[in-house]
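These notes are about the structure you will find just below.
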Amino acid sequence: MKIAILKERRDSEKRVAASPDSVEKFIKMNCTVTVETGAGSDASISDDAFAKAGATIAKTPAETVKGADLILKVSRPTDAEIGLFSKGQALACHAHALTETDLVAKLAAAGVTLFAMELVPRITRAQSMDILSSQANMSGYKSVLDALEHYGRALPMMSTAAGRVSPANVFVMGVGVAGLQAIATAKRLGAIVWATDVRPDTKEQVESLGGKFLAVENEEFLQAQTAGGYAKEMSDDYKRQQAALVAEKIKTMDIVITTALIPGRPAPVLVTEDHVKSMKPGSVIVDLAVETGGNCPLSEYGKVVTKHGVTLVGHANVPSRLAETTSQLFARNLLNFLTPMIDKETGKLTIDTEDEVVRGTLVCRDGAVVHERLKDMAPKKAGSKKAAAKKAAGKKSGAKKAGAKKAGTKKAAAKKASASPAPAAPAPAAPASSPASAPTSAPTSAPQQDEKKEG
């Protein structure tokens, strides 16, 4: 089996989907590996390093994917790259499949088998394959360093001959993988760290890292987590109490790091403009959810801005800001995912749809979208559209004929009535008071939102 590693072409993407170590291991499994020249240059991995591991270096993307059975990428492919793919080739990458449905449709139409790595199930066996966790871990670490770049004061407490320097207060909102690493990093650097999350199990995790937990800890809070570790939707009353608690605490914070993400949905708002206005001048907010709308509406994607005296950091693709480390982790995730699927004797890829991990990531195959969460999003065939249009036209035509017939009947009835004496006027009807006549209203409760543990 030939494996192709393409150079990433999307803005802000510096990572590469392979490392010399993963290339060497693929070759030991009787695979051949072709790497596009310069694929690892932004991640400090040279062509020579890949070549020494046994890879062939190709000059162009077309040459790289030609004859490949499996293509590995970090980010989802561009339209130009999809144009290079051939029917029957497989692709594994971070596809954003739940939101990039047009991309999924294009890959299905091209006959490409897509494995969306962000959909790896959250089970023990698949932890070593989980790209979301490996990349979020580095994002949490980098978020603290990015905050310090724009924070004009020292982080730890210091006693100097000139006087005492007070430690900074850091507030981490969302205690998933990224949040936990942010807590640990800020604590190691000497800050006083606070953290909040609606899941009760996170309290112990925060405190084990030396952080202080902030939440309205009532009976509802104790029941706010599903058996799978996800957050439940809280009542309006709880949200009000929690918002008041956060609003009071955020005034005293020097650095706020937000990490809350909901897969396939816009990021929830955690820090409002009023919160920002209440913060001390010189404070910093790092919004790790800015790519999906942001946890603060004032954050701007790919920019660092100052509003109301507070610096808001909204870097694009934070994992890519540590490209060498995150590339090595991503490559290891892919290797761990693919190893059980590669026949060690022949080097061929075997797709077992009975396997929970394979089934969870397989999005399209043989020209069709096969993932359960995406089947309804798949575009209908042109023939189906024509049939539907023909059916609708038939209904419309039938309705017109029925309407004309009905109109003729009404005219005949009117003519007959004019020749007959008018009946006595009926008594006025009583006001309608039955439940059936009352207007219906939309449900006021929001649907349950299951928040991923990775933050």
Side-chain angles (χ1 to χ4, degrees), residues 11-14 135-155 167-183 185-187 189 191-197 211 214 239 242-262 265-322 326 451-452 454-455:
D11 292 341
S12 305
E13 187 55 80
K14 297 179 179 180
Q135 305 301 293
N137 190 44
M138 291 297 104
S139 293
Y141 164 76
K142 185 61 173 170
S143 68
V144 178
L145 303 187
D146 286 340
L148 288 178
E149 182 182 350
H150 300 282
Y151 182 60
R153 298 186 285 275
L155 206 62
N169 285 287
V170 175
F171 189 24
V172 178
M173 304 183 76
V175 186
V177 174
L180 287 170
Q181 185 56 250
I183 294 166
T185 302
K187 192 66 184 175
L189 291 172
I192 297 173
V193 184
W194 294 80
T196 187
D197 197 292
L214 182 74
K239 289 177 183 177
Q242 178 74 358
L245 186 65
V246 168
E248 195 60 36
K249 177 57 67 175
I250 209 167
K251 295 175 184 177
T252 65
M253 293 295 111
D254 300 294
I255 294 171
V256 175
I257 297 171
T258 65
T259 72
L261 292 168
I262 302 175
R265 302 181 189 178
V269 174
L270 303 181
V271 181
T272 66
E273 184 169 7
D274 285 340
H275 288 151
V276 176
K277 288 179 179 178
S278 73
M279 293 177 72
K280 297 178 288 186
S283 298
V284 177
I285 297 173
V286 179
D287 193 341
L288 289 182
V290 71
E291 293 191 40
T292 55
N295 294 142
C296 177
L298 299 186
S299 303
E300 295 185 27
Y301 175 72
K303 295 181 180 180
V304 177
V305 296
T306 301
K307 297 179 181 179
H308 307 298
V310 176
T311 301
L312 294 107
V313 180
H315 288 309
N317 198 346
V318 175
S320 190
R321 291 168 60 77
L322 293 166
T326 50
E451 186 173 354
K452 278 280 191 185
E454 73 273 13

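Values below: all heavy atoms of this structure, side chains included; hydrogens, waters and symmetry mates excluded.
- Formation of a donor-acceptor pair under 3.5 Å by the D197 side chain with backbone atoms of G174 is not found in this model.
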Could you go through the side-chain contact (heavy atoms from CB on, under 4.5 Å) check for V313 and I285 one step at a time? CA-CA 6 Å; V313 180; I285 297 173; over 6 Å; no
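- In this structure, the side chain of T185 engages the main chain of Q181 through a donor-acceptor pair within 3.5 Å.
- Panel note: side chain N137, backbone A178; no donor-acceptor pair is recorded below 3.5 Å.
- In this structure a side-chain-to-backbone donor-acceptor pair under 3.5 Å is present from T292 to A289.
- Y141 OH: 12 or fewer foreign heavy atoms inside a 6.0 Å radius.
- The CG atom of D287 sits 11.0 Å away from the CD1 atom of I257 when rounded to the nearest 0.5 Å.
- Between C296 and the options V310, V276, V290, a side chain to side chain contact (heavy atoms under 4.5 Å, CB included) holds for only V276.
- Contact between V286 and S143 at its shortest, heavy atoms only, is CG2-O, 3.7 Å.
- For the pair N295/V269, no side-chain contact is recorded, criterion being any heavy-atom separation below 4.5 Å from C-beta on.
- Side-chain N or O atoms of T259 include none that pairs as donor or acceptor with a backbone N or O of V172 at under 3.5 Å.
- Considering only heavy atoms from C-beta on, V256 comes within 4.5 Å of M173 through its side chain.
- Once rounded to the nearest 0.5 Å, the distance linking CG of L270 with OG1 of T196 reads 9.0 Å.
- Rounding to the nearest 0.5 Å places CD of Q135 at 9.5 Å from OG of S320.
- For the atom pair F171 CZ and T258 OG1, the distance stands at 10.5 Å (nearest 0.5 Å).
- Checked by atom type and distance alone, the side chain of S12 never pairs as donor or acceptor with a backbone atom of A316 at under 3.5 Å.
- Summarising the geometry, atom CG belonging to L322 is positioned 10.0 Å from atom NZ belonging to K14; distances are rounded to the nearest 0.5 Å.
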Apply the test side-chain contact (heavy atoms from CB on, under 4.5 Å) to residues M279 and K251: give CA-CA distance (whole Å), side-chain angles for both, the deciding distance (0.1 Å), then the verdict. CA-CA 5 Å; M279 293 177 72; K251 295 175 184 177; over 6 Å; no
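- Salt bridge present: K307 and E300 bring a charged side-chain N and a carboxylate O closer than 4.0 Å.
- Residues passing the side chain to side chain contact (heavy atoms under 4.5 Å, CB included) test with T252, sequence neighbours excluded: K249.
- Rounding to the nearest 0.5 Å places NE2 of H308 at 8.5 Å from CG of D274.
- Here the rule is side chain to side chain contact (heavy atoms under 4.5 Å, CB included) with V170, and of V284, L155, V144 only L155 fits it.
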Decide yes or no on side-chain hydrogen bond (donor to acceptor under 3.5 Å, both in side chains) for E13 and N317, but give the supporting numbers first. CA-CA 7 Å; E13 187 55 80; N317 198 346; 2.9 Å; yes
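- Shown here for A168 and Y151, the closest heavy-atom pair between the two residues is CB-OH, 3.6 Å.
- Counting heavy atoms from C-beta outward, V305 and T311 have side chains that stay 4.5 Å or more apart.
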List the steps and the verdict of side-chain contact (heavy atoms from CB on, under 4.5 Å) for I255 and S283. CA-CA 6 Å; I255 294 171; S283 298; over 6 Å; no
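- A 6.0 Å sphere centred on NZ of K280 holds more than 12 heavy atoms belonging to other residues, nucleotides or ligands.
- Listed for the S139 side chain is no donor-acceptor partner under 3.5 Å among the backbone atoms of V318.
- Between the side chain of D254 and the backbone N or O of N169 there is at least one donor-acceptor pair closer than 3.5 Å.
- The closest donor-acceptor contact from the side chain of T306 to the backbone of G309 lies at 3.5 Å or more, if one exists at all.
- Side-chain atoms of V304 and L312, non-hydrogen and from C-beta on, never get closer than 4.5 Å to each other.
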